[in-house]
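What's counted below: heavy atoms across the whole structure, side chains too, no hydrogens, waters or symmetry copies.
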Amino acid sequence: MSHDSAWYEIRLQGQLHPRWASWFDGLTVTSAADGTTVIHGRVADQAALHGVLQKLRDLGLPLLSVARTDSDPAKHSSPGELP
């Protein structure tokens, strides 16, 4: 990853199956109990982030939020707790 890489959390209205992770270059795809989907992971740079957002646009699911995070939340969560 380049020095421009960063962790992002993208939240969508609606549910995507985790098998979509391969379409999103290995980003984690998690369906939440509230009917949303969270896509999370390290993105190489702003161009790659825009590429992910274009793919999401093409799926037609409403975008709820895009947030740059400090790091991988899995490193900070307790066992059994969703990141």
A.B. asks: Between CG of L49 and CD of Q54, what distance do you get to the nearest 0.5 Å?
C.D. replies: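 Answer for the CG-CD pair, L49 versus Q54, is 10.0 Å.
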A.B. asks: Please work out which of the three classes, parallel, tilted or perpendicular, describes the rings of W23 and W20, given edges at 30° and 60°.
C.D. replies: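 Answer is perpendicular, since the angle exceeds 60°.
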A.B. asks: Would you say the side-chain atoms of T37 pair up with the backbone N or O of G14, donor to acceptor, closer than 3.5 Å?
C.D. replies: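 Such a contact is found between T37 side chain and G14 backbone.
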A.B. asks: Kindly write out the residues that satisfy side chain to side chain donor-acceptor pair (under 3.5 Å) with D58, not counting sequence neighbours, or none if the list is empty.
C.D. replies: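 For D58 there are no side chain to side chain donor-acceptor pair (under 3.5 Å) partners, ignoring immediate neighbours.
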A.B. asks: May I ask you to decide if L16's main-chain N or O and S31's side chain share a donor-acceptor pair within less than 3.5 Å?
C.D. replies: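 Yes, the answer is positive, given that a donor and an acceptor are paired below the 3.5 Å cut-off.
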A.B. asks: When rounded to the nearest 0.5 angstrom, what is the spacing between NZ in K55 and CG in L27?
C.D. replies: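 One finds 8.5 Å between NZ of K55 and CG of L27.
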A.B. asks: Mind checking the CH2-CZ spacing from W7 to R42? Nearest 0.5 Å is all I need.
C.D. replies: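 The CH2 atom of W7 sits 6.5 Å away from the CZ atom of R42.
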A.B. asks: Would you say Y8 ends up clustered with L63 if hydrophobic residues are merged whenever their side chains have heavy atoms under 4.5 Å apart, either directly or through other cluster members?
C.D. replies: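 Hydrophobic grouping puts L63 with Y8.
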A.B. asks: Have S65 and R11 got a donor and an acceptor in their side chains that come within less than 3.5 Å?
C.D. replies: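 Side chains of S65 and R11: no pair found under 3.5 Å.
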A.B. asks: If you round to the nearest 0.5 Å, how far is OG1 of T36 from CG of L12?
C.D. replies: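 Rounded to the nearest 0.5 Å, the CG-OG1 separation comes to 8.0 Å.
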A.B. asks: Looking at T69 and E9, what are the two nearest heavy atoms and their distance?
C.D. replies: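 The answer is CG2-CB, 4.1 Å.
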A.B. asks: Does V38 belong to the same Ile/Leu/Val/Met/Phe/Trp/Tyr cluster as F24, with side-chain heavy atoms less than 4.5 Å apart forming each link?
C.D. replies: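 No: no chain of side-chain contacts under 4.5 Å links V38 to F24.
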A.B. asks: Checking side-chain contact (heavy atoms from CB on, under 4.5 Å) against L56, which of V66, I39, L61 comes through?
C.D. replies: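 Only match with L56 under side-chain contact (heavy atoms from CB on, under 4.5 Å): I39.
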